[in-house]
Amino acid sequence: MAGGVAAEGGGGGGEGSTSMKELFKGHNNLIEGFNFFLPKGYEITVEKHQPPPETLEFIRLVKERDESVYRRFMDVIFRYQREHMDLIKLCREVGALFSEDYPDLFVKFIRFLPPT
């Protein structure tokens with residue numbers, strides 16, 4: 001199977017073989033779907049996404065400032081992920097949450113957004 005694609009535990013690839021983990025890198029949902037077709041014991045392990053330390057520090061800061069705002073903020077973030085909310089709506093909701101009492105948190109939050 002030289003030059004082919006091999007599953008991680010399959011033992012089938014020689015030199016030049018690409019592992020499925022490398023092929024699907026960054027697409028954990030595809031790896032998990034591919035695992036369905038692999039025999040037991042040959043599944044590809046998926047690394048769970050770990051947020052950067054700056055993200056965790058920001059979340060801690062929100063929680064320390066106001067537990068209620070923290071819970072509502074996390075609800076907005078989870079809805080953003082679950083419902084594939086667009087960035088404009090996300091910014092509006094987070095802005096409304098932080099603007100009155102914690103405008104500095106909104107400024108810090110904006111730094112985490114991807115460039116448009």
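What you see is a predicted model, and the numbers here were worked out from it, not measured in a lab.
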- [ ] Spell out, yes or no, whether Phe78 and Phe98 are grouped together once hydrophobic residues are joined by side-chain heavy atoms under 4.5 Å, including indirect joins.
- [x] yes
Task: Worked verdict on Val94 versus Ile110 for side chain to side chain contact (heavy atoms under 4.5 Å, CB included) - done: CA-CA 10 Å; Val94 172; Ile110 293 296; over 6 Å; no
Task: Contacts of type side chain to side chain contact (heavy atoms under 4.5 Å, CB included), residue Glu67, not counting sequence neighbours - done: Lys63, Tyr70, Arg71
Open item on the list: For Glu83, is the CD atom crowded, meaning more than 12 foreign heavy atoms sit under 6.0 Å from it?
Closed with: yes
TODO: Taking the side chain as every heavy atom from C-beta outward, state whether Leu56 and Pro53 have any pair of such atoms under 4.5 Å apart.
DONE: no
- [ ] Mind checking the CG-CZ spacing from Asp101 to Phe106? Nearest 0.5 Å is all I need.
- [x] 14.5 Å
Task: Sub-6.0 Å ring centroid separation between Phe73 and Tyr102 - done: no
Open item on the list: Measuring from atom CG of Asp75 to atom CG of Leu97, what distance do you get when rounded to the nearest 0.5 angstrom?
Closed with: 9.5 Å
TODO: Kindly compute the distance separating CZ (Phe112) from CD1 (Ile77), expressed to the nearest 0.5 Å.
DONE: 10.0 Å
Open item on the list: Is there a side-chain contact between Phe109 and Leu90 in this structure, where contact means two heavy atoms from C-beta onward sitting under 4.5 Å apart?
Closed with: yes
Open item on the list: Under 4.0 Å between a side-chain nitrogen and a carboxylate oxygen: does that hold for Arg72 and Glu93?
Closed with: no
TODO: Without swapping roles, check the side chain of Gln81 against the backbone of Arg79 for a donor-acceptor pair under 3.5 Å.
DONE: no
TODO: Identify, with sequence neighbours excluded, every residue that meets salt bridge (charged side-chain N to carboxylate O under 4.0 Å, His left out) alongside Asp66.
DONE: none
Open item on the list: Under the rule for side-chain hydrogen bond (donor to acceptor under 3.5 Å, both in side chains), what residues qualify as partners of Arg92, not counting sequence neighbours?
Closed with: none
Open item on the list: Please report the interatomic distance CD1(Ile59) to CE(Met74), rounded to the nearest 0.5 Å.
Closed with: 4.5 Å
Task: Exercise: identify the closest heavy-atom pair between Gly41 and Glu43 - done: N-OE1, 2.9 Å
TODO: Measure across Leu105 and Arg65 and return the closest heavy-atom pair with its distance rounded to 0.1 Å.
DONE: CG-NH1, 3.8 Å
Task: Closest non-hydrogen atom pair, Val76 against Met85 - done: O-CE, 4.2 Å
